[in-house]
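Values below: every heavy atom of this structure, side chains too, minus hydrogens, waters and symmetry copies.
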Amino acid sequence: FLGILGFLQFDFLTLDCVSGKNSYFNRVYVTQFVPLVLFAVIVMMGGLRALVSKFGPAKKRAEALEAIFNQHMYVALLLSYCVFPTVSAVQLKSLWCMTLEHDGKIIASFLREDSSISCLSPSYQNFRVVVIIGIVVYQGIPLLWFVLLWRVRHELNPPGQSEKTALLLRDKSPRLEPYKFLFSDYRPSRWAYEVYEMLRRLFFVGVLPLLGEGAVRAFIGIFLSIWT
């Protein structure tokens, strides 16, 4: 299932509708902020549905609220899974500058992704602040996954149960429905492995291209792909 989702990861930098003098800045802003807007819409729709459900039959109210929560939590987590690698890679590349020095002094610095942009310009410095804030926000996604899974870890891996029994119990638990795609491919004892796998993927997609020259990156990439 997660392999299929890999084809759905978004790359907003391919949007042709964003243009202008600071087109690269604008495209990065779109890449960074559109998923946050979609997430806000998901939360607001969930809140509205929960509000409407309060006018329903009292006996079914708790069941309806749980169903709404599960549905919107699932969609929000699925969105975060699809956008996290692409957005994080774009953010990290936006900080990668090529610096030219003379007699130990920096005489010029250009953005590697768009050499028409000077990394010493005030506009880039303002852009850089926004990107760094975005990095902090997006890097909280794997942490959020881990916290959510940690809260239900005893249902993901019931203590004292065999692996076969644990698999049956976790598949029948309605509380785990929103998080199922984060653990369904792994053994009960490896309930947090998708968090590690996503961070590993981020390193290869977003961090490794920023490390040293081609030979150095190749060595690090091969070493870590084998070691991890």
Side-chain angles (χ1 to χ4, degrees), residues 1-18 26-57 60-92 94 130-153 155-156 170-186 191-199 201-202 205-206:
F1 178 67
L2 294 182
I4 296 174
L5 285 181
F7 292 103
L8 300 178
Q9 291 171 355
F10 304 117
D11 186 358
F12 294 106
L13 284 180
T14 59
L15 292 176
D16 294 327
C17 59
V18 182
N26 294 335
R27 284 180 288 168
V28 173
Y29 289 147
V30 170
T31 303
Q32 182 167 277
F33 289 117
V34 165
L36 298 180
V37 173
L38 293 176
F39 178 78
V41 170
I42 292 169
V43 172
M44 287 189 293
M45 289 181 62
L48 289 174
R49 290 184 63 196
L51 184 62
V52 171
S53 70
K54 291 184 178 181
F55 296 98
K60 297 183 178 180
R61 192 173 300 164
E63 183 179 340
L65 287 174
E66 182 180 7
I68 292 170
F69 173 82
N70 286 346
Q71 291 167 8
H72 286 264
M73 177 64 78
Y74 172 78
V75 174
L77 290 176
L78 191 61
L79 173 65
S80 71
Y81 180 87
C82 291
V83 303
F84 176 73
T86 298
V87 175
S88 296
V90 169
Q91 289 172 328
L92 293 171
S94 300
V130 176
V131 170
I132 290 175
I133 294 173
I135 289 175
V136 173
V137 172
Y138 275 90
Q139 296 314 304
I141 289 177
L143 177 60
L144 173 63
W145 294 351
F146 180 80
V147 171
L148 292 172
L149 293 175
W150 173 264
R151 292 177 59 191
V152 294
R153 65 191 183 280
E155 294 179 55
L156 291 169
R170 80 177 190 182
D171 287 342
K172 293 179 181 179
S173 174
R175 190 183 177 194
L176 301 180
E177 284 298 321
Y179 323 116
K180 186 162 287 187
F181 74 95
L182 289 174
F183 63 79
S184 59
D185 291 335
Y186 305 107
W191 52 265
Y193 193 81
E194 185 60 37
V195 179
Y196 161 78
E197 184 61 28
M198 181 58 77
L199 292 175
R201 186 181 309 172
L202 172 62
V205 173

Would you sort out whether R175 and E155 count as a salt bridge (charged side-chain N to carboxylate O under 4.0 Å, His left out), showing the intermediate values? CA-CA 9 Å; R175 190 183 177 194; E155 294 179 55; 2.6 Å; yes
Are any non-hydrogen side-chain atoms of W191 and W150 less than 4.5 angstrom apart? yes
Side chain to side chain contact (heavy atoms under 4.5 Å, CB included) with I132: which residues, sequence neighbours excluded? L95, R128
Any side-chain heavy atom of F69 within less than 4.5 Å of one from L65? no
State, with a plain yes or no, whether a side-chain heavy atom of V130 is found less than 4.5 Å away from one of F33. yes
Side chain to side chain, I141 and Y81, heavy atoms closer than 4.5 Å: no
Here the gap from L176 atom CG to D171 atom CG, rounded to the nearest 0.5 Å, amounts to 9.0 Å
Between S80 and W145, does a side chain to side chain contact (heavy atoms under 4.5 Å, CB included) hold up when you go through it step by step? CA-CA 10 Å; S80 71; W145 294 351; 3.1 Å; yes
Answer whether the closest heavy-atom distance between the side chains of H72 and R49 falls below 4.5 Å. yes
From CD (Q71) to CD (E66), nearest 0.5 Å: 10.5 Å
Got a second to check how far R201's CZ is from S88's OG, nearest 0.5 Å? 11.5 Å
Please find the pair of heavy atoms, one from L79 and one from P35, that lie closest to each other, and give the distance. CD2-O, 3.7 Å
Shortest non-hydrogen pair, Q32 vs G134, comes out as OE1-CA, 3.6 Å
Correct closest heavy-atom pair for P174 and N70 would be O-ND2, 3.5 Å
S53: which residues meet the side-chain hydrogen bond (donor to acceptor under 3.5 Å, both in side chains) condition with it, sequence neighbours left out? none
Interatomic distance, M198 atom CE to Y193 atom OH [nearest 0.5 angstrom]: 13.0 Å
Verify the distance criterion only: is there a donor paired with an acceptor across the side chains of E194 and Y186 at less than 3.5 Å? yes
Does E63 CD have over 12 foreign heavy atoms under 6.0 Å away? no
Answer yes or no: is there a side-chain heavy-atom contact under 4.5 Å between Y138 and I133? no
For the student: nearest non-hydrogen atoms of V131 and Q91, plus distance: CG1-O, 3.5 Å
Taking C-beta and beyond as the side chain, do Y196 and L199 meet within less than 4.5 Å on heavy atoms? no
Before you tell me yes or no, could you show the steps for L156 and Y179 under side chain to side chain contact (heavy atoms under 4.5 Å, CB included), namely the whole-Å CA-CA distance, both residues' side-chain angles and the distance that decides it to 0.1 Å? CA-CA 10 Å; L156 291 169; Y179 323 116; over 6 Å; no
Report yes if the side chains of L148 and V152 come closer than 4.5 Å at any heavy-atom pair, otherwise no. no
Should the heavy atoms of other residues, nucleotides or ligands under 6.0 Å from CZ of F39 be counted, would the total exceed 12? no
Heavy-atom count check: over 12 atoms from other residues, nucleotides or ligands less than 6.0 Å from R153 CZ? yes
Residues L149 and A192: closest non-hydrogen pair is CD1-CA, 4.4 Å
Is the ring centre of F181 less than 6.0 Å from the ring centre of Y74? yes
